[in-house]
Amino acid sequence: MNTVATQLQSIPPAVRRRVLVTGGAGFLGSHLCEELVRRGHDVLCVDNFYTGAKDNIAGLMCNPYFELMRHDVTFPLYVEADEIYNLACPASPLHYQFDPVQTTKTSVHGAINMLGLAKRLKASILQASTSEVYGDPSVHPQEESYWGNTNPIGLRSCYDEGKRCAETLFFDYHRQHGVRIKVARIFNTYGPRMHPQDGRVVSNFILQALRNEPITIYGDGSQTRSFCYVDDLIQGLIRLMQTPPDVLGPINLGNPNEFTIRQLAEAVIELTGSRSTLVAKPLPSDDPRQRCPDITRARKTLDWQPTIQLRDGLAKTIAYFENLLSRGPWTAIGTGSS
Ligand code: NAD
Ligand code: UDP
């Protein structure tokens, strides 16, 4: 018998939980599904493949404790689960601005549907919220008590305001219906399985460097971000789900080491040994000037902090994209294909 299956079957059913992961075929979702299966849980991945891909979860498809369901979370879902991680939502500015109405629907209707499901099942539900709820912050670093500085009518608003409304729904379902909620505010996360055409800064810079193409710096490159490697983030999400019912969040999850975008470009050039030069491009509208999490709450409540330094995480991500480049073309957004 296959060794993994033998190990999984030896896990007592009382310990094994049925876990629903929406957006499970995406970048973060696929790593989360993998880690949950590795820990012996019974995972149902729900995804409409808007930005996700079957390739991301191909390694799980033969596992008896992993199931895949094609479904759009803006429609009600009737399944059974003990825990729900709600990750379904395009996350890169390019992808979420492609169909902004659908982005808001996914955040808001998706949250209502998944919270309704959690209410019926008496399940714990974790929301993958975002540092974008802080908008272009006037407080630095950002603590959870900061209410944010968002533009309600800009190009990023479909995502920022959608996620803010989802947080409101989470807290109202908790206050009104006693739903067991957990809200994580995720800061920029990177790693293998980022979509190669999602336009995010880490994937863009690595691909440009590997092809010796100019590296596109938006604005003057002095804006900052704090980059968390995916493995660290997944541990944080699972720890948050495991907290007692009175821990609701929001809790910032991210790496507090802050870099300018120009510093990131220089690190990528050095690590890839690229001949790329830097080229300036216009700064997108409402692009936050600086972003850095205060993770005091995560440290205290979850005993969690990132362990993977930027250069180490970049090296792993570069290796992933090198391999991907050697394999050929990718599918485009909105095809709903794998
Ligand atoms: P991603 O685009 O790779 O994954 C999103 C997944 O959701 C994809 O598989 C996509 O197909 C699926 N999806 C989108 N709309 C859906 C719908 N209506 N119904 C069902 N599935 C749908 O993005 P990601 O980086 O993995 O982000 C996952 C979650 O984490 C998102 O909610 C995002 O807002 C949040 N987040 C991510 C980051 C980050 O840096 N990666 C930062 C903050 C928050
Ligand atoms: N950025 C850049 N060049 C790129 C892609 C992004 O300079 O090719 C900048 C972008 O303007 C932003 C930062 O990198 O200031 C992070 O962008 P990303 O889209 O990854 O995430 P955001 O944090 O803005 O959602």
Side-chain angles (χ1 to χ4, degrees), residues 21-33 45-54 56-57 69-75 77 85-97 99 102-103 105-107 109-111 113-114 126-133 136 156 159-160 162-163 166 184-191 193-195 198-208 214-228 230 233-234 237 252-254 259-262 264-265 278-291 333-334 336 338:
V21 179
T22 75
F27 161 48
L28 297 183
S30 61
H31 286 275
L32 178 61
C33 288
C45 163
V46 164
D47 205 296
N48 70 350
F49 299 110
Y50 184 60
T51 52
K54 284 184 187 162
N56 288 340
I57 44 167
M69 181 189 274
R70 184 188 287 258
H71 175 80
D72 182 331
V73 295
T74 62
F75 296 96
L77 176 67
Y85 288 84
N86 187 36
L87 271 64
C89 186
S92 86
L94 190 73
H95 283 172
Y96 68 65
Q97 290 171 25
D99 185 349
Q102 177 65 14
T103 299
K105 278 188 187 170
T106 294
S107 275
H109 292 191
N113 289 327
M114 293 310 114
L126 183 148
Q127 167 68 354
S129 191
T130 169
S131 53
E132 294 284 334
V133 300
D136 190 5
R156 295 176 81 105
Y159 184 73
D160 302 7
K163 289 283 187 178
R185 289 187 179 152
I186 303 170
F187 283 65
N188 297 64
T189 303
Y190 69 100
R193 302 199 197 122
M194 292 184 85
H195 194 296
D198 74 4
R200 280 190 266 195
V201 69
V202 173
S203 43
N204 264 12
F205 284 6
I206 291 178
L207 284 166
Q208 289 162 347
I215 294 207
T216 51
I217 304 270
Y218 300 164
D220 64 6
S222 63
Q223 70 271 35
T224 68
R225 294 293 186 274
S226 308
F227 300 100
C228 185
V230 60
L233 193 272
I234 298 303
L237 289 179
N252 289 339
L253 292 179
F259 297 88
T260 66
I261 293 306
R262 185 170 287 272
L264 176 73
L278 306 186
V279 59
K281 296 275 180 187
L283 192 67
S285 68
D286 296 334
D287 198 276
R289 283 289 316 150
Q290 52 182 9
R291 196 185 283 147
I333 182 180
S338 58

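Atoms within each ligand, like the ligands themselves, are counted from 1 in listed order. If you're wondering where the values come from, they're calculated on a predicted model, not measured in any experiment.
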Gap between atom CG of L253 and atom OG1 of T130 - 0.5 Å precision
11.5 Å

Minimum heavy-atom distance T260-G221, with the two atoms named
CB-O, 3.4 Å

Under 4.0 Å to a heavy atom of K163 - the qualifying atoms of ligand 1, by number
31 (C), 32 (O), 33 (C), 34 (O)

Taking all atoms of both residues into account, what is the closest heavy-atom pair of M194 and F27, and its distance?
N-CD1, 3.6 Å

Going by the rule salt bridge (Lys or Arg N to Asp or Glu O under 4.0 Å), which residues pair with D136 if we only count those two or more places apart in sequence or in a different chain?
none

Nearest candidate to atom 41 (N) of ligand 1, where distance is taken over non-hydrogen atoms, out of R200, R225, M194
R200

Could you find the nearest protein heavy atom to atom 18 (N) of ligand 1 and give me its residue, atom name and distance?
D72 OD1, 2.9 Å

Please could you name the atoms of ligand 1 that A88 approaches to less than 4.0 Å, counting only its heavy atoms?
7 (O), 20 (C), 21 (N), 22 (C)

Would you compute the distance between atom OH of Y218 and atom CG of N204 and round it to the nearest 0.5 angstrom?
5.0 Å

Is the shortest distance from a heavy atom of Y190 to ligand 1 less than 4.0 Å?
no

Taking every heavy atom of A111 against every heavy atom of N86, the minimum-distance pair comes out as CA-ND2, 4.2 Å

Per-atom contacts, ligand 1 versus F49 - under 4.0 Å to a heavy atom:
11 (O)

Would you say C228 contacts ligand 1, with heavy atoms under 4.0 Å as the rule?
no

Using the side chain to side chain contact (heavy atoms under 4.5 Å, CB included) rule, take S222 and R289 through it: C-alpha gap first, then chi angles, then the decisive distance, then the call.
CA-CA 8 Å; S222 63; R289 283 289 316 150; 2.9 Å; yes

Atom 30 (O) of ligand 1 sits nearest the protein heavy atom L28 CD1, 3.6 Å

Using a 3.5 Å cut-off on N or O atoms only, is V73 in polar contact with ligand 1?
yes

Considering only non-hydrogen protein atoms, determine which one is nearest to atom 44 (C) of ligand 1 and report residue, atom name and distance to 0.1 Å.
S129 O, 3.4 Å

OH-OG1 distance between Y85 and T22, expressed to the nearest 0.5 angstrom:
12.0 Å

The option among N48, V21, V230, T189 carrying the non-hydrogen atom nearest to atom 16 (C) of ligand 1 is N48

Shortest protein contact, atom 10 (C) of ligand 1 (heavy atom only):
T51 OG1, 3.2 Å

Report, in ascending order of atom number, the atoms of ligand 1 lying under 4.0 Å from any heavy atom of H71.
19 (N), 20 (C)

Look at atom 4 (O) of ligand 1 and say which protein heavy atom is nearest, naming residue and atom and giving the distance to 0.1 Å.
G26 CA, 3.5 Å

Test log, rule salt bridge (charged side-chain N to carboxylate O under 4.0 Å, His left out), inputs K54 and D47
CA-CA 10 Å; K54 284 184 187 162; D47 205 296; over 6 Å; no

Any N or O of T130 closer than 3.5 Å to N or O of ligand 1:
no

Starting from atom 34 (O) of ligand 1, what is the nearest protein heavy atom, named by residue and atom, and what distance separates them?
Y159 OH, 2.6 Å

For atom 5 (C) of ligand 1, which of C89, S92, G52 has the closest heavy atom?
C89

What distance do C45 atom SG and I57 atom CD1 have between them, rounded to the nearest 0.5 Å?
4.5 Å

So which protein heavy atom does atom 23 (O) of ligand 1 come closest to, and at what separation?
A91 CB, 3.4 Å

Looking only at heavy atoms, what is the nearest atom pair of A265 and I217, with distance?
CB-CD1, 3.8 Å

Return the orientation label for the F227 and Y190 ring planes: parallel under 30°, perpendicular over 60°, tilted otherwise.
perpendicular

Test side chain to side chain donor-acceptor pair (under 3.5 Å) applied to S203 - qualifying residues, sequence neighbours left out:
D198

To the closest 0.5 Å, what do you measure between CG (L237) and CD (Q127)?
11.0 Å

Between P90 and ligand 1, is there a nitrogen or oxygen pair with a distance under 3.5 Å?
no

Considering only protein heavy atoms, which is closest to atom 3 (O) of ligand 1, and at what distance to one decimal place?
F27 N, 2.9 Å

Option of least heavy-atom distance to atom 38 (C) of ligand 1 (set: N86, I57, L87, I186)
I186

Using a strict cut-off of 4.0 Å, indicate which atoms of ligand 1 neighbour a heavy atom of N188.
40 (O)

Calculate, to the nearest 0.5 Å, the distance between atoms CZ and CD1 belonging to R200 and I206 respectively.
12.5 Å

Mark the output for G110 as yes if a heavy-atom distance to ligand 1 is under 4.0 Å, and as no if none is.
no

Residue pair R185, S129: steps toward the side chain to side chain contact (heavy atoms under 4.5 Å, CB included) verdict
CA-CA 5 Å; R185 289 187 179 152; S129 191; 4.2 Å; yes

Test salt bridge (charged side-chain N to carboxylate O under 4.0 Å, His left out) on R156 and E132 and set out the steps.
CA-CA 9 Å; R156 295 176 81 105; E132 294 284 334; 2.7 Å; yes

Restricting to salt bridge (Lys or Arg N to Asp or Glu O under 4.0 Å), what partner residues turn up for R262, sequence neighbours left out?
none

Atoms in ligand 1 flagged as close to G23, the criterion being non-hydrogen separation under 4.0 Å:
6 (C), 7 (O), 9 (O), 12 (C)

Looking only at distance, does T106 have an N or O less than 3.5 Å from an N or O of ligand 1?
yes

I need the contact residues for ligand 2: any residue with a non-hydrogen atom closer than 4.0 Å to the ligand, ordered by chain then number.
P93, E132, R156, N188, G199, R200, V201, N204, F205, T216, I217, Y218, Q223, R225, I261, P284, D287, R291

